[in-house]
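As C-alpha cells, the structure follows; a few thoughts come after it.
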Amino acid sequence: MTRLRPWWPLVLAFLVTLALEAGLVERKYGLFAGGFGSSHVVDRAGEAALFLAGLVTAHALLIGLLYLAIRALHRRRRDGPVFLLNFLFFAVGGFAAALIAKFEALSYFSDALSFELIRSLGGDSLAEAALYVASEAALMLAGIGGAMLAWWLALRLGRRWLSATLVMPGLKWRHLLWLALPLPLLLYAAGGEPDSRYGLARFTAPGLALQGLSRASDFDGDGYSAFTPQRDGAPLDPSRHPFVLDIPNNGVDEDGYGGDFRFAGGPERFSTPVIADRKHVVLVVLESARGDSIGRKVDGRELTPVMNALARGGSFTREAYSHVGFTTESLKSLFGGALAPRIGSPSLFRD
C-alpha cells in the first residue's frame with residue numbers, strides 16, 4: 001500500500017479548523033461580506049493582506065503547538081496510529097466543539113461574555129450560573145459520549161490501515177520559531193488597520209496571541225500597550241494612556257490626543273436659557289431595560305419608583321415597539337422619526 005505524504009495530518013487539521021472558524025465568524029460578525037450591524041468589514045486589499053497574513057501565521061502556529069503537545073504526551077507511541085487518531089480527534093474535533101460552544105455562548109452575550117459575567121448570572125455562584133445552561137450541558141455531554149464512541153470505533157477499524165500507511169510529519173519545536181518570530185510584527189502591523197485588528201481578534205489563534213502580546217507589552221500596567229486597539233503612546237508612564245482624564249493646563253498631554261487640555265474658564269451660570277423661546281426636552285434612554293418593570297412591585301416595594309412618578313404625572317403607554325433590536329439603529333429612528341433617517345433629515349437635535 002502506498003504511504004501517504006507526511007504532512008497531511010497537519011494540513012488537514014489546519015484547513016478544516018480554519019474553514020469552520022471562518023464560517024462561524026462570518027455568520028456572527030459579517031466580517032467579509034458586511035451586512036446589517038457590521039461595524040468592521042475587511043474589504044480593502046491592504047487590510048485583507050495584513051489580516052490573512054496574521055490569521056494564517058497564528059492559526060498554523062496553534063495547530064503546530066497542538067501537534068507537538070499531543071505528541072509529547074504519547075511518549076513511546078508518538079509515531080503510532082493512536083497518536084495520529086488522538087491528534088485529529090482533539091485538534092479537529094475538540095477545536096470544533098470548543099468553537100461551537102463559544103459561538104453558542106456569544107449568541108446570548110455577544111462580545112461581553114466573560115468569567116465575571118457568568119458568575120454574576122448566578123448571584124456570585126458558579127453552581128447557580130451552571131443552571132442557566134443545564135439543558136445545553138446535557139446535550140454537550142451526549143455529544144461527548146457520541147464522540148468517544150466514534151473515537152473507539154475509528155481506532156478499532158483504522159488501526160491496521162493507519163499502521164500500513166502512517167508517516168508522521170517531522171515537525172520539531174524549533175520549526176515553530178519561523179511562525180512565532182514574525183507573528184508579533186504581523187499583528188502589530190495589522191493593528192494599524194482597525195478592520196484587520198478587529199477581524200483577527202474574532203479568531204481564536206490570533207485573538208489569544210493579541211491578548212498575550214498586549215499583556216506582555218503593557219509595561220506600566222495601565223491596560224494599554226502597543227497591541228491594544230488604542231495604542232499607548234507612553235508605555236512607561238501609567239498616568240498617560242488613551243481615554244485617561246487630561247488634567248488642564250499642566251503641560252502634559254495625558255490622553256495623547258490634541259495636546260494638553262487648555263481650560264479657559266467661563267461663567268458659572270448662564271444669564272439666559274440656551275433657547276429662550278422653546279421648551280426644553282429631556283430624553284432618557286434606558287439600555288437593556290424591560291418595559292414591564294415599570295409599575296411592578298417586588299416584596300411590596302416599587303421596582304422603578306422614579307419612573308412610576310413620571311408616568312403618574314405625565315403620560316404612559318405600553319404599546320411601544322422598536323423596529324429593530326440593534327441599539328444604534330434604534331436610536332437613529334428615535335431621534336429622527338424615520339425607519340432609516342438620512343444625514344441632514346429632520347431630527348430632535350435639529351429641532
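- Expressed to the nearest 0.5 Å, how far CG of L24 lies from CD1 of I100 amounts to 7.0 Å.
- Using the six-membered ring where Trp is involved, F95 and H59 have ring planes that are perpendicular, over 60° apart on the 30 and 60° scheme.
- Here CG of L66 is found 7.0 Å from CZ of F87. Values are rounded to the nearest 0.5 Å.
- Side-chain contact annotation: T204 with E21, donor-acceptor N/O pair under 3.5 Å present.
- A donor atom on one side chain and an acceptor atom on the other are not found under 3.5 Å apart for D232 and H241.
- Between P206 and L55, the shortest heavy-atom distance links the atoms CG-CD1, 4.0 Å.
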- Could you check R44 against E193 for salt bridge (Lys or Arg N to Asp or Glu O under 4.0 Å), going step by step and ending with a plain yes or no? CA-CA 10 Å; R44 294 187 292 110; E193 294 286 347; 2.8 Å; yes

- Between V306 and T304, does a side-chain contact (heavy atoms from CB on, under 4.5 Å) hold up when you go through it step by step? CA-CA 6 Å; V306 175; T304 56; over 6 Å; no

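- Proximity of S333 to P341: side-chain heavy atoms (C-beta onward) are separated by under 4.5 Å at one or more points.
- Within the 3.5 Å criterion, the main-chain N or O of M307 finds no donor-acceptor partner in the side chain of R312.
- Scanning for side-chain hydrogen bond (donor to acceptor under 3.5 Å, both in side chains) contacts around T317 gives E319, with sequence neighbours left out.
- With sequence neighbours excluded, no residue forms a side-chain hydrogen bond (donor to acceptor under 3.5 Å, both in side chains) with T228.
- To the nearest 0.5 Å, atoms CG (D253) and CG (D260) are separated by 7.0 Å.
- For F32 and F51, the distance between ring centers is under 6.0 angstrom.
- Other residues, nucleotides and ligands contribute at most 12 non-hydrogen atoms within 6.0 Å of the OH atom of Y257.
- Between Y224 and D218 the shortest side-chain heavy-atom distance does not fall below 4.5 Å.
- Contact between A205 and A58 at its shortest, heavy atoms only, is CB-O, 3.4 Å.
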